[in-house]
Each structure stands twice: as C-alpha cells, then as structure tokens.
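Read through the structure below, which is laid out as structure tokens, and then see the notes.
Along the sequence shown, residues are numbered consecutively beginning with 1. For ligands, and for the atoms within them, numbers begin at 1 and follow the listed sequence.
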Amino acid sequence: MGQFVVAGGRPLAGTFAVSGSKNAALPILAATTLVAAPVTLKGVPLGLLDVRHMLAMLRELGVRVATAGPDSVTVDARGPLSPDLPDAYTRTMRASVFLMGPVLARLGRVTVSRPGGCNIGPRPIDLHVKGLAALSVRFADGPGGHIVGEAARLKGAVTYLDFPSVGATENVMMAAVAADGTTVIENAAREPEVVDLAQFLNARGAAVHGAGTDRIWIEGGRTLSGGTYELIPDRIEAGTVAVAAALTGGDVTMSHVIPEHLTPLWRKLSEMGAVVELGSTTVRVSAAGALRAASLRTGPHPGFPTDLQPLMLALMTQARGCSTLVETVFENRLRHALELRRMGANVLTDGRMAVIYGPTPLEGAVVEATDLRAGAALMVAGLAAQGRTTVLGAEMVARGYQDWAQRLQSLGASVTLEP
Ligand code: UD1
C-alpha cells in the first residue's frame, strides 16, 4: 500500500466524526455466523483492512455479505457454511480467531491455522483454547500447522481466564450462547467491546449477563433471530485524535464518542496539562501551554488502554520532565520507542518499561510502522515534528484507521498516502 508522508508543524483544529469501533465490529461480525437469519450492522468501519478481511473470510465460509450503506452491511449466515477458516486470513489477522467459538457452536467443528496479527509479542491463543475446551470442545493438531476443534454438543461450564483476555472472553461468550446449560466466565475482560458483543447477542435473543464486570454468565441454547444493530464508536480512534490534538497544540472537537469509555485517557491528558471538555457524545481536546511529564501504566479495562500507549509515548516526548510508562498487557509493545528516537525523542526502554525525557524537538525522519498503533503514534509524532516524516508500512495503519490521510487533512494536517 505504501507510506504516509506527513509535513509537521500545523496544530490540528476542527471537528472530527469518530467511526464505528473496529474491535467491536470484528467479534460481532464473527458472531453473525451464529444467526441463521439476515443481520444488518450499522456503524461498521468498512474502509478498514481488518474489517474487509473479516468480511472476505465470512464470504469464504459461505456467508452472504452485502453492503447496505457507507457504514452498513447485511450478513446472512443461513448457510450452508464451511468449518475451515481460510488460511490466507488466519495467518495474518489475529481477529480471525474470533470465528472459532461461533463456527464451533454452529457446525460442531472448526479448522484454523495458528493466527498472526500485529507484531506486539507472542499473542498465544491458549486462553481461547482453554475456555472452549471447558465447553467440551476437543482440540487436536491437524496437518499443516492447523488446529482442529470438535464438539458434537457444547456444554455450559465454569471457566476461569488466567488473564482477562478480550478475545478469549468474546470467543467463549459466543460459543456459550449455543451451549446446553449455563456458562460462567470468571476473570472476564470488561472492555466496552465485550459489552457491545453481549448487547448484540442479547438483541438477537441470547441471555448474556454481567458483561462489563469480571463475571459473565450465559444461559445457552436460545434461538437467535435476525435484526439490525448499531456498533459503538471507536474509542481508540477517538483517543488517537485526542492525543494528536494535544501533541500539536491544537483544538479538536470529536463527535460520536462515548466519553466514559476513555476515562483514563481524559484524566491523563488533563494531568499533563491539556484541556479536556466532556459532553454527552462529544469531547473537545486542546492544548495551548506546555505539557507536563506523567507516569502511566497500561492495564485491562478500566485501566489505561494498551492500544493508546504508543500515542502517549509520543506525547510524553513533548512533556516537560521525566515521564515513565509501563506496558503490562503485551510483552513486546515498545518498538515504536526506537522509531521515535530516530525523530529526536529521548527515550530509554527496558523490557516493558520506557523512560522519556522531554521536551525534545522532533524532526522529520523515515520511520516504520512496526504495528498498527505504533504506526498511528509515528504519524501523530510527525504532525508535531519539524519537516517531513515518512511512515513506512501504511497498510499496518490502514488495518485500524480508515481514510486516515483525508480525515487528518480535514483537521488541517498535511498528510498524504503515497504508493
Ligand atoms: C484485543 C484488541 C486489541 C487490544 C487487546 C488488549 C481486538 C480485535 N483487539 O486483542 O486491540 O490491544 O484486546 O486490550 O479486539 N493472551 C494469552 N493467551 C490468549 C490470549 C491472550 O496469553 O489465549 C495474552 C496476550 O498475549 C496479551 C494479553 O493476553 O499479552 C491480552 O490479549 P487479549 O486481551 O486477548 O487481546 P486481543 O483480544 O488479542
């Protein structure tokens, strides 16, 4: 796809309409395979590569997919469906693992190659497998590095997640909807996207309780019906623009936001000296004066979102004093620090920790998007840098930000996507 070229030095200003949530769309699209009737989803970020890949996977499984508007899609999984998740996508997109639970529930069998995704640590799927095995799924190694899961009937059970994994919580929830009896997920993830999936399933007739807490229970065996559902806004996209506004000394009002989904970010931006005004569905972020250093630790929701950590690291390079940042969710998610150093940042890393001395002037450089949010952070750093920044690996960024160059341009930025 190419590279983003950013000419820095212009404060972002204006209004920005936030897209529907990628991380809600992916599991909810997967969950449509549970429903043997047409489902229309609104607020789907159809421009994202990850969403396009999920739709392509659904088509290959036998699901009929039709665009129903600029951000709407109708999905009809009446079947017949195939249990073999296509390798072309599972190898590159971790979210393909979301199809394991619903396809097993629907067909009693699934075949999947070990998934890929962002380069931010090993990202195993042991918790997915453990959670589904608790529902009586038997897993075995198949040929060619595949995993085969089988279960004549799924049976409700109590399962404890060793870590509150978002994906494992969602996978087990989707499978449990079709299981006999009640399933309890202990130490469940509490992210807003988990709640959105539960609401989608309940709107279809499922009985999922407790989503948003660390104990979710699901009464299985209900028949699901078709209908229309609108996804929540993308809190990470909103957070990215908020940080960009603060970093460039700009003034941006975002619409289509659920402010409570990002409380840790608003608190941290305020602590660092940005001005944050929360409305009911809007947030205005501006920064006129100097930013102050801060310490930050990521954590499962309602902790600070790991997906915004790279953005915050970029912001901290422009804050006065010594900032510290600890990444507790992923093992290898500080590679953007090295790229930011190429731009003049004074950052030291050790394992999961970074120490940032600021402010240091940022200068344009050629940098690489090592993962999706790292790419976003480098683009945002480029907006605040002197001169021209080239972010290689634009396709990484396009996995999670749609029409990104145009939408940043609408805020006054100079950004182009070059082949
Ligand atoms: C989801 C989000 C991603 C976000 C992450 C954490 C989607 C599509 N992606 O990813 O943007 O960064 O939540 O908020 O929703 N782990 C295991 N074994 C497993 C599963 C996970 O060890 O079976 C580990 C991971 O390696 C990682 C941690 O648990 O260190 C968190 O991962 P998880 O919450 O599962 O993230 P994802 O669902 O992959």
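Residue L26 places no N or O, backbone or side chain, under 3.5 Å from any N or O of ligand 1. Considering backbone and side-chain N/O of E170, none are found under 3.5 Å from N/O of ligand 1. When only interatomic distances are considered, the shortest N/O to N/O separation between E331 and ligand 1 does not fall below 3.5 Å. Residue L127 places at least one N or O, backbone or side chain, under 3.5 Å from an N or O of ligand 1. Checking only distances, S165 does come within under 3.5 Å of ligand 1, N or O to N or O.
Listed by atom number, the atoms of ligand 1 under 4.0 Å from G167 heavy atoms are 35 (O), 38 (O). Taking every heavy atom of T306 and a limit of under 4.0 angstrom, the matching atoms of ligand 1 come to 6 (C), 12 (O), 14 (O). Of all atoms in ligand 1, numbered sequentially from 1 with element shown, those under 4.0 Å from a heavy atom of R333 are 12 (O). Shown in contact with P124 at under 4.0 Å from a heavy atom are these atoms of ligand 1, numbered in order with element: 17 (C), 18 (N), 19 (C), 20 (C), 21 (C), 22 (O), 23 (O), 26 (O). Applying the 4.0 Å criterion to heavy atoms of V329 picks out, from ligand 1, the atoms 27 (C), 28 (C), 30 (O), 31 (C).
Taking the six-membered ring for Trp and thresholds of 30 and 60 degrees, Y89 and H53 have ring planes inclined between 30 and 60 degrees apart.
The option with the heavy atom closest to atom 36 (O) of ligand 1, from among F98, F330, F163, is F330. Between T328, V194, V166, it is V166 that holds the heavy atom closest to atom 34 (O) of ligand 1. Among N23, I236, D307, the residue whose heavy atom lies nearest to atom 9 (N) of ligand 1 is N23.
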Side-chain atoms of residues 178-190: list all donor-acceptor pairs with protein atoms under 3.5 Å, sequence neighbours left out, distances to 0.1 Å.
| unit_1 | atom_1 | unit_2 | atom_2 | d |
| --- | --- | --- | --- | --- |
| D180 | OD1 | R153 | NH2 | 2.5 |
| D180 | OD2 | R153 | NE | 3.2 |
| N187 | ND2 | L161 | O | 2.8 |

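Taking CD of Q199 as the start and CD1 of I28 as the end, the distance is 9.0 Å to the nearest 0.5 Å.
Using a 4.0 Å cutoff on heavy atoms, H128 counts as a contact of ligand 1.
Within a 6.0 Å sphere centred on OH of Y357, other residues, nucleotides and ligands contribute 12 heavy atoms or fewer. Other residues, nucleotides and ligands contribute over 12 non-hydrogen atoms within 6.0 Å of the CZ atom of R352.
Minimum heavy-atom separation, L313 to A337: CD1-CB, 4.3 Å.
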* Asked: Would V75 and T33 satisfy side chain to side chain contact (heavy atoms under 4.5 Å, CB included), going step by step from the backbone distance to the final call?
  -> CA-CA 9 Å; V75 178; T33 56; over 6 Å; no
* Mind running side chain to side chain donor-acceptor pair (under 3.5 Å) on D87 and H146 for me, showing each step along the way? => CA-CA 9 Å; D87 280 3; H146 287 78; 2.8 Å; yes
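Between Q309 and T298, the side chains place no donor N or O within less than 3.5 Å of an acceptor N or O (distance only, hydrogens not considered).
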